[in-house]
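This chain uses plain numbering: 1 for the first residue, then up along the sequence.
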Amino acid sequence: MSGLKLRFPTVMIMACTSVSLLAINAASAQPGHSDVNAEKPSAKKLALHSRTPSRLIGPRAPHHALPLAGGSETISVRASASPNGMTGRTPGGGLMARQTAAYARNTITRDYIASQSPTTNVLNLVRNTPGVVVASADPTGATDRMSISIRGMNQNEIGYEFEGMNPSDVLYYSPASSSWADTENIGSITVSPGSPDLMSPTFSAVGGLIQAKMRSPSAKMGGLADFTFGGNNLEREFIRLDSGEIGHSGFRSYASFSNTTASNWRGAGGLNRWHVDFKAEKKWGDGNSIAPFMSYNDVTENLYTYPTLAQWKQYGIGYNYSRKFTGSNTDYYKFRQYEWRHAHASVQTHFNLGHELELTATPYVYDVDGTVNGGTSLSQAGSYFGNEPAGSLQFPEGTGNRAVAVSVDHFRESTFGFNSALTWKHRHNELSLGYWYSYVNYTENPSYSLVSSQGEPSNRWGKYPVLTQNGQPLLQWNAHVIQQLNAITLQDTYRAFHDRLTMSAGIKTVMMTRKATNLIPGSTYATGFSDFQPLPRVAISYQITPHDQIYANGTTAFREAAAITPSIDMFNVTNGKMTSQHAESVKPEFSIAEELGYRHYGAVNFTLSLFNYNFTNRQVTSSQLVNGTTITSSLNGGGQTTRGISAEFSLPAWHHFSPYLSGQFLRSRLDNNIAAGGDYLPTKGKTAVLTPKFMGSIGIAYDDGSFFGNFSFNYIDSQYTTFMNDQSMPAYKTANVSMGYRFRNVGFLKRPQIQLNLINLGNAHYLSGAWGLTSNAVATRGVYGHMIAASQPTYITGGNFSGLVSLTTGF
C-alpha cells in the first residue's frame, strides 16, 4: 500500500532527475566548460588558521561593501577546520555572519549548526536570533511537534524557502522542517524578519522568511559518518558519501542516509525517523550551473498531551496518555500517533545568457502522505454521517453498542511549482522580472478504525474503516482542494556613489484560486474563491563607511486563512451538529511594515532594527481535538499594531572565544473588539496573543582547532494565550551547552571528534508555547450584554534535560 501511496511523488522525482541528468550531459558537451576548484588546505594549515584572528584569515572586505536590496547574499567558506564544516571564523560562534541587505537579516553558518545536536531541525537552530521564539515539545529537536514565531507572528505567518523551493504545506503553512534535510547537510540558514524576498516562492511571509541551503558537494571523494546516542534511549546513525568531481566534468554529488529512534521523554511511546538526502552540482562556462536536489523522510511518533493551565499546575509533566489499554479508555498512547512521509525535489539552474542577461529557474515538487491518529468511541446505533444518522454501524459480531475506535485523519498533498527570474544588469542598474507558478492537489478524508482487545487499530491509514449501515466509510469529512497560484514580480535596483547607495523598488502581484469539494451529507458540495493581491515594497541602504551601514524599507504581505477549515463544513459524529461552517467570504490577512536599521562590523559587531507593523484581518491559528481528530482553524484577530526594537552584538574570535547577545522589545496591541458568541469581546487595546514583551539570548563559543564548545541562554517573557488577556503562559529560561574535541587524522579517518550536547541544562519544567488559543478563559460579558462562555487554552510542554554524545569522523 505504501508503494501505491508514493507512486505519484516517485514519478515526479524521477522526472526531475531525468531532466537534471539531461541538462548535465548537455552542459558537459559545451566547449570550454570548466570548474577549477582550489585544493583544500591540509589539516596542519587548518590548525594554523584556527589560531589566527579571524579578521586576518578571510579575504579583506572591499572598500565599499555592496548592499543587496534584493536580498540574495552568498555565504562562502574557503576552508574548514573539521570535516563537518566548522571553521571558527563566523562572529558570535556562527550566529552573526556579515550582512549588507537593506533589511534585518541573520545568517547562521556551519560554525553554529555543527555544534548543535545532530538530531535537531532548521527551526530549532534559529532560536538565538533576534525576535525568534521556538516552542518545542522535544528536547532533541527530532520532532515537528513544535512552533516558531518571529516578532510575535507565528509559524503560519512565516515564509519558507529550501533549495529554491517552497518546502512547506501551503494550506496549513506547516514547515515540517525536520523533513527537509539532515543537520549535517545544512550549509546555512538565513532569517529575514518581516521582509520577505520578492523573488522567493512564497506568498505567506507576513512575519518574515526563513531560508535554508544545503552544503555544496565536495570537490574530493570522501564522506562523513556520525553516531549519536543519549537520554531517552536515543540512537542515531548518519552516513554521507561524496563523489568528488568526476573527471574534469565539473560534476560532483553526494548522498546520505540517517536513522533515528528515541523514546518519548514523558509518557509512553517513541519516535522513529529515517531520512535520505541527495544533491548534485554541475558548473560550466561563465556563471552557468545546475543543482538537482532530492530528499525523502519517513517519521512515526507517538504524540504528547497538550494540557490546560489547570492540568499543568495539577499534574505538571505527569499529565500524559495512558500506558495501558483497559478495553474502554480512549486515552491509550497507541491511539495517539502520526506518520508522515515527505518527498522533496528541486532543480536549481542558473544561466548566463550574455548581453548582461542572467536566468534562474527552479522546477520543484513536494509530496506528503500522512496520517494523524486519535482515540474516541463510537455508538453503533447513534452515530452520524454528516448531518444524517449513519444507521447501525457495521461492528464485528459481539462488539456491543459502543466501541473504542481510532480516528484516522489521512491526508495527501502534492505540489508542483516553478520559480524563475530574468535579470538584466547594466552599469549601475539591475532589473529583474520573476514568475512563480504553484499547483496544489490536496485530499483529506478522516475515518475511524476499530481496535482489538489489545488496543491495536485495524489499520492506521484507513484501509479498514468503520462502515455505515449502507456500506459507506464513516467519514468526518471528504475534502478535495485544488489551488493554483500565479505570481509576477518586477523589481529594479539602482546603485550609486561607488555602490555605497542602493535603492530598490518592486512589486509582486499574486493571483490565487482555491476550489474545494466535500462529499458529506449536509455539507456545501463546492466552495471556492479567487484573490488578487499586489504587494509593493521599497528599500534603501547607505554604506556610511566600510564598517557602518544604515537602511530603511517598507513592505507589504498577505496570507490566506490557514487550514482546510474555511473551505468545508464539519459535523460532530456523535450528534450530527455542524461544528464548523465554511467561510462565505475569506478575508486574507494583510500587513504593511516599516523598518529602520543600522549595522556596524569591525572589532565590535552590532546591529539595531526598529520596526512597525499594521495588520488587518490578523489570522491566528489554533488547534483542538474533536471526536479524536485534530481540527486546525484560523481565528480572525481583526486589526493589530505591532512595534518593537531588536538588536544583536558579537565579537570576532578573541583568544578563540566569540560572545554573542541578542534581544527584542515588543509592544503589540489589538485595534478593535473581536466577534465571539454572537457578541463582541471588549478586546480593543489588549495585548496581542503570543507576543512576549521581552526576549533575549546570550551565547559564547570557543574553538581552538581541537577543543570547541558553545553555550547559549534564552529568556522568553510571559505571553497571553487569550484575546481578553485573562490567561497567560509564564516566562521561562533555558540553557544549552555543547563541547567537544577533534583528534588528528587516524589512518583514513579525518579529524575524528567526540561531542557532548547538554540540552535544557538545569532541567527546567516549563510551558514552551500554545497549541490551542481561545478568545477568553473566563466567562465575559460582551459589548452588547451577552455572556460569552469561557474556553481554556492548551499548551506545549517544553522538553526536559537531555544529554547526547556524538562520534563524528570524515573519511
Any chance you could lay out the side chain to side chain donor-acceptor pair (under 3.5 Å) test for S200 and E161, step after step, and finish with the verdict?
CA-CA 7 Å; S200 293; E161 182 180 351; 2.8 Å; yes
Sidechain-backbone polar pair: D144 side chain, S178 backbone, donor-acceptor under 3.5 Å:
yes
Is there a donor-acceptor pair under 3.5 Å between the side chain of Q491 and the backbone N or O of L198?
no
Please lay out, stage by stage, how Y437 and L485 fare under the test side chain to side chain contact (heavy atoms under 4.5 Å, CB included).
CA-CA 6 Å; Y437 173 76; L485 179 144; over 6 Å; no
Please determine whether the number of non-hydrogen atoms from other residues, nucleotides or ligands lying under 6.0 Å from atom CD of Q484 exceeds 12.
yes
Does the gap between the ring centers of Y702 and F657 come in under 6.0 Å?
yes
Check: P752 and V746 side chains under 4.5 Å, non-hydrogen atoms
yes
Hey, does the side chain of D111 reach the backbone of R89 with a donor-acceptor pair shorter than 3.5 angstrom?
yes
Taking the side chain from N419 and the backbone from M199, do they hold a donor-acceptor pair closer than 3.5 Å?
yes
Y112 side chain near T90 side chain, heavy-atom distance below 4.5 Å
no
Does the ring of F707 carry R742 above it, NZ/CZ under 6.0 angstrom from centre and within 45° of its axis?
no
I'd like to check T502 versus D499 (side-chain heavy atoms, cut-off strictly below 4.5 Å). Are they in contact?
no
Indicate the atoms forming the closest heavy-atom contact of P546 with R98, along with that distance.
O-NH2, 2.6 Å
Please identify each residue that fulfils salt bridge (charged side-chain N to carboxylate O under 4.0 Å, His left out) with K508, with sequence neighbours left out.
none
Assess the side chains of N166 and S168: does a donor N or O sit below 3.5 Å from an acceptor N or O?
yes
Main-chain N/O of Y364 paired with S346 side-chain donor or acceptor, under 3.5 Å
no
Applying side-chain hydrogen bond (donor to acceptor under 3.5 Å, both in side chains) to T261 and not counting sequence neighbours gives none
Begin with the C-alpha distance, continue with both residues' side-chain angles, and end with the deciding distance and a verdict on side chain to side chain contact (heavy atoms under 4.5 Å, CB included) for D242 and K220.
CA-CA 7 Å; D242 272 277; K220 290 187 175 182; over 6 Å; no
To the nearest 0.5 angstrom, please state how far the CD1 atom of I290 sits from the NE2 atom of H350.
13.0 Å
How far does NZ of K213 sit from CZ of F293, to the nearest 0.5 angstrom?
14.0 Å
What residues form a salt bridge (charged side-chain N to carboxylate O under 4.0 Å, His left out) with E301, not counting sequence neighbours?
none
For A205, the side chain to side chain contact (heavy atoms under 4.5 Å, CB included) test, sequence neighbours excluded, returns P196, T202
Evaluate the side-chain proximity of N185 to S256: yes if any heavy-atom separation is below 4.5 Å, no if none is.
yes
Heavy-atom side-chain proximity of I108 to V126 below 4.5 angstrom:
yes
Taking only residues two or more places apart in sequence, or in another chain, which ones meet F351 in a ring pair (Phe, Tyr, Trp, His ring centres under 6.0 Å)?
none
Is the shortest heavy-atom distance from the side chain of I210 to the side chain of T190 under 4.5 Å?
no
By side chain to side chain contact (heavy atoms under 4.5 Å, CB included) - contacts of D298 (at least two apart):
W274, Y296, T300, E339, R341
Are the side chain of R110 and the backbone of I186 linked by a donor-acceptor contact shorter than 3.5 Å?
yes
Rounded to the nearest 0.5 Å, what separates atom CG in L807 from atom OG1 in T228?
7.5 Å
Tell me whether the rings of Y366 and H344 are parallel (<30°), tilted (30 to 60°) or perpendicular (>60°).
tilted
So CD of Q753 and CZ of F708: to nearest 0.5 Å the spacing works out to 4.0 Å
Under the side chain to side chain contact (heavy atoms under 4.5 Å, CB included) test, residues paired with N429 that sit two or more places apart
L431, D492, Y494
Across all chains, not counting sequence neighbours, the salt bridge (charged side-chain N to carboxylate O under 4.0 Å, His left out) partners of D182 are R236, R273
Do side-chain atoms of E245 reach the backbone of G250 as a donor and acceptor pair under 3.5 angstrom?
yes
Between I113 and N84, is a side chain to side chain contact (heavy atoms under 4.5 Å, CB included) present by the stated rule, with each step listed?
CA-CA 10 Å; I113 296 170; N84 65 4; over 6 Å; no
Does one side chain, of S253 or S243, offer a donor that lies under 3.5 Å from an acceptor on the other?
yes
Answer yes or no: is there an ion pair linking R240 with D226, defined by an N-O contact shorter than 4.0 Å?
no
Sequence neighbours excluded, which residues qualify as side chain to side chain contact (heavy atoms under 4.5 Å, CB included) partners of N106?
T129, P130, E648, Y660
Using modelled atom types only, decide if a donor and an acceptor are shared between the side chain of T349 and the backbone of A361 within a distance under 3.5 Å.
yes
Judged by atom type as modelled, is there a donor-acceptor pair below 3.5 Å linking the side chain of Y160 to the main-chain atoms of S174?
no
In terms of ring plane angle, is the pair W340 and H342 parallel, tilted or perpendicular, where the classes change at 30° and 60°?
perpendicular
With a 4.5 Å limit on heavy-atom distance, are the side chains of L804 and T140 in contact?
yes
With S438 via side-chain hydrogen bond (donor to acceptor under 3.5 Å, both in side chains) - residues at least two apart
none
Give every residue pair that meets the salt bridge (Lys or Arg N to Asp or Glu O under 4.0 Å) criterion with at least one member in residues 414-426, sequence neighbours excluded.
E358-K425
Whether D277 and K279 form a salt bridge (side-chain N of Lys/Arg under 4.0 Å from carboxylate O of Asp/Glu) is what I want to check.
no
Is a side-chain donor or acceptor of S115 paired with a backbone partner of N710 at a separation under 3.5 angstrom?
no
For side chain to side chain contact (heavy atoms under 4.5 Å, CB included), just list the numbers for L234 and T119, CA-CA rounded to whole Å, side-chain angles, deciding distance to a tenth of an Å, and then say yes or no.
CA-CA 9 Å; L234 184 140; T119 62; 3.9 Å; yes
Interatomic distance, CD@Q755 vs CE@M86, rounded to 0.5 Å, equals 7.0 Å
Y741 and F743: aromatic ring centres closer than 6.0 Å?
yes
Minimum side-chain heavy-atom gap T809-R751 below 4.5 Å
no
Does a donor on one side chain and an acceptor on the other come within less than 3.5 Å for T260 and E235?
no
For H355, give me all partners under side-chain hydrogen bond (donor to acceptor under 3.5 Å, both in side chains), at least two apart in sequence or on another chain.
none
Nearest 0.5 angstrom please: F238 CZ to S806 OG, how far?
12.0 Å
